[in-house]
Protein chains: 2
Amino acid sequence: MRLKIMARLDLDNSDLPASDIDPGPLKLEVVQGGDMAHRLICGDNLLGLRALAKSEVRAHLAYLDPPFFTQRLHQRVERNRNRKTGRIERTETPAFDDRWPSLDHYLLTLAERIRATRDLLTNDGSMIIHVDPATSHYVKVLCDEIFGPEAFANEIIWRYRRWPAKTPNFQKMHDVLLRYRRDPKVKPRFVQLYEPLAASTRATWGDRKQVADIDEQGHRRRSLKTAEPSPGAPLGDVWELSVIAPVAKERTGYPTQKPEKLLRRLIESCSYEGDLILDPFAGSGTTMAVAAKLGRRSIGIDASDEAIDVASARLRAANVELRCERVVSSSAKNDAHSRRSS
Amino acid sequence: MRLKIMARLDLDNSDLPASDIDPGPLKLEVVQGGDMAHRLICGDNLLGLRALAKSEVRAHLAYLDPPFFTQRLHQRVERNRNRKTGRIERTETPAFDDRWPSLDHYLLTLAERIRATRDLLTNDGSMIIHVDPATSHYVKVLCDEIFGPEAFANEIIWRYRRWPAKTPNFQKMHDVLLRYRRDPKVKPRFVQLYEPLAASTRATWGDRKQVADIDEQGHRRRSLKTAEPSPGAPLGDVWELSVIAPVAKERTGYPTQKPEKLLRRLIESCSYEGDLILDPFAGSGTTMAVAAKLGRRSIGIDASDEAIDVASARLRAANVELRCERVVSSSAKNDAHSRRSS
DNA sequence: GCAGTTAATGAATCGCATG
DNA sequence: CCATGCGATTCATTAACTG
């Protein structure tokens, strides 16, 4: 018996939307703004990524937050106080559709976008893809195929707390973020962050660095306390960060919005000031907002009008100078604009 | 372009050790002990599992802690004080070999053992396999194939703290445990455990239970405090437990030994008193030792003499009555005993 | 008895030396 | 030049000891 686990990629166009196969020549049409540090592109992200690939633009970090294969239509929730009754009323509008004919369709769509993202990275850049524990395994096999297994850098666990579900099972309380380097042979962009020392370490060693001590015979003795203060322990790959509270200021109403703290940590450790951050699933614009706060440049892409509205409002409220663009393909049938207004 | 991620299982015996293909009739030969609650079997675990399958024995929980594909030979470390010098001296002996021709060989070996383990589970039983984040994804694809994706219950993250490695990367600080149910249609064995409430919850709600409150119009109002003390939050799937300290009493010197706290949590929540716990990669016998403490029965299998020695000494020291057995196959070439004494 | 201090050391990763 | 291997690094943990 032989076994092989792999992502099999065969040529067969029949399952793909026409726009994925040959959208004709692509162009980015400026809707508003000049040569800004932050660009928000409206359109299918595969087309957007391919249009960007033709320019000189290369990103140092890409963050992908695709749909999680929930098989649900996700709604945006707006909250407004009714003038007459004084009660808060909720309005729901469709934000994005996460329903798929099959897992294979989902993975294939993702694979195309991961590959297109990889082509836009600098050699010392990396990609982080945010997924669910139920699909992360398939996505990792996919990424191993696209980047090569040596390029795998981390499985980051984002652990959060939420209202418990009543189930005879351990409560699902984490997301998975996979990080891949574009070229594992190149010295990576990385800024060492620290987390607080463990309580047991502080009790024994205080907040000073330890150093190993080896005697003349080469035997190891007890480590020594130094006078040098410790910056903490180098940051690990399990992060405990709270989800956005239902009443937090940060909350835009856009579904599946990720907390700014999470993006801050990713961007601070995997990019330098002035670097370009790419987010092909821009959603409510969290990545771009955090990139702006941290002095990075950014490009966000999203096909949903809801997303573009929420993100541009959010960024403008934060005084981020924004250039808005639209993906235009020469073939009228696949024109992002015509689909938008349909 | 089409894509399919799957575990492909083709018939081709050439890569397998002869004993995996047809070991001939299998028998468990009693080396020592009578009809005890705890059985330690020496021999290849695939043969051991197949021999068990012929008996009526079925396990309620199986814990698998296979090698992690480290491509290293792992050593057992014994420590003894030298009478003359008074210094502690270390003796290293090979414990198990985790070197493989390829990832596929590793996965195939694992697949056979997972399948054999599944065949030994009760319908309401489950299997937990302990793996590394670098291979967990492939193992999950494998298990989805063997158990079916609906049988997937949890990805448990064991987060620990250790000394930092010097690397421009997030420190690897977690293991992955995958849990599958034998039959997802059957009510599972599960005991709800709790963890302490989050600090923010205690600050707002104290240590009493909250209840949702909905008014006559169906609008949700602020939740209410109750008088009933909260048992804590239902246990999640990210567990922070320390690794065995270098000087802990628990430490046997056997490599990759897992902490008793981890096994205690798994056994307490996924089995009942009197249940049978199966560990085909018994190693230093942690699973069996914890099972005994928790009033469960156990069967452990290991091919390594080092493991059998360490585990039986450990269990006897804990006053666990033990029956020792040996897998015997009729084909002399594959006889576990002849290999042991070679 | 209890608290505080001292002791011992695992093993991931990089970098440099050695063959 | 490439592969191999050893040394340096340093936080975390519990046991043993001390007052």
Side-chain angles (χ1 to χ4, degrees), chain A residues 150-155 179 181 184-188 190 192-238, chain B residues 67-82 85-96 98-99 132-135 158-175 239-262 283-284 286:
Chain A
E150 333 74 52
F152 175 61
N154 296 104
E155 178 183 71
R179 188 165 84 91
R181 293 162 60 182
K185 290 190 290 294
V186 172
K187 187 176 168 286
F190 192 76
Q192 182 65 66
L193 301 184
Y194 296 88
E195 53 186 317
L197 296 175
S200 68
T201 304
R202 265 201 321 282
T204 316
W205 299 93
D207 49 9
R208 307 279 136 171
K209 281 190 179 174
Q210 308 170 32
V211 278
D213 184 33
I214 288 139
D215 68 16
E216 305 78 47
Q217 283 93 53
H219 286 109
R220 176 138 172 225
R221 287 190 297 219
R222 168 177 99 85
S223 297
L224 301 172
K225 289 186 190 184
T226 65
E228 213 181 331
S230 166
L235 188 60
D237 57 2
V238 182
Chain B
F68 279 8
F69 193 65
T70 56
Q71 298 290 24
R72 279 208 297 265
L73 176 70
H74 291 265
Q75 307 276 346
R76 173 184 170 202
V77 179
E78 267 182 298
R79 236 176 289 269
N80 289 300
R81 194 173 291 271
N82 183 309
T85 64
R87 199 171 254 138
I88 287 162
E89 283 176 356
R90 298 156 49 100
T91 329
E92 295 198 348
T93 36
F96 67 89
D98 188 16
R99 293 171 297 189
D132 184 86
T135 52
W158 171 32
R159 185 252 213 275
Y160 46 80
R161 290 164 194 274
R162 55 160 177 77
W163 69 98
K166 201 179 172 184
T167 173
N169 206 349
F170 302 110
Q171 303 282 331
K172 273 169 202 155
M173 297 279 208
H174 73 274
D175 284 6
W239 300 353
E240 188 156 347
L241 299 170
S242 53
V243 289
I244 302 174
V247 292
K249 265 193 204 151
E250 191 184 333
R251 187 175 276 268
T252 60
Y254 197 83
T256 72
Q257 189 188 344
K258 301 300 179 290
E260 294 200 3
K261 271 189 188 168
L262 177 69
S284 59
T286 307

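Lettering follows sequence order; numbering is per chain, from 1. Both backbone and side-chain heavy atoms feed into the values below; hydrogens, waters and symmetry mates do not. Just so it is clear, the model here is predicted, and its values are computed rather than measured.
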Shortest side-chain distance from [X], nucleotide among [options]:
X: Ala233(A); options: dG10(C), dC11(D), dT6(C); value: dC11(D)
X: Lys249(B); options: dA12(D), dA16(D), dA11(C); value: dA16(D)
X: Lys166(B); options: dC14(C), dA12(D), dA7(C); value: dC14(C)

Phosphate OP1/OP2 of [N]: any [X] side-chain N/O under 4.0 Å:
X: Ser200(A); N: dT13(D); value: yes
X: Thr167(B); N: dC14(C); value: yes
X: Arg202(A); N: dA12(D); value: no

Describe the nucleic acid contact of [X] in one word from base, sugar-phosphate, nothing, applying a heavy-atom distance below 4.0 Å.
X: Arg221(A); value: base
X: Leu197(A); value: sugar-phosphate
X: Arg222(A); value: base
X: Ser242(B); value: sugar-phosphate

Using a distance-only criterion (donor-acceptor N/O pair, under 3.5 Å, no hydrogens), is the base of [N] paired with the side chain of [X]?
X: Trp205(A); N: dT6(C); value: no
X: Arg220(A); N: dG7(D); value: no
X: Gln210(A); N: dA12(D); value: yes

Interatomic distance, His74(B) atom NE2 to Glu92(B) atom CD [nearest 0.5 angstrom]: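 The NE2 atom of His74(B) sits 12.0 Å away from the CD atom of Glu92(B).
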
With a 3.5 Å limit on both atom pairs, tell me what dA11(C) is paired to, counting Watson-Crick and G-U wobble, or say none.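 Partner of dA11(C): none found under 3.5 Å.
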
Find which nucleotide of DNA chain D each of Ala198(A) and Glu250(B) is nearest to by heavy atoms, and output the residue with the more 5' nucleotide.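 Upstream on the strand: Ala198(A).
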
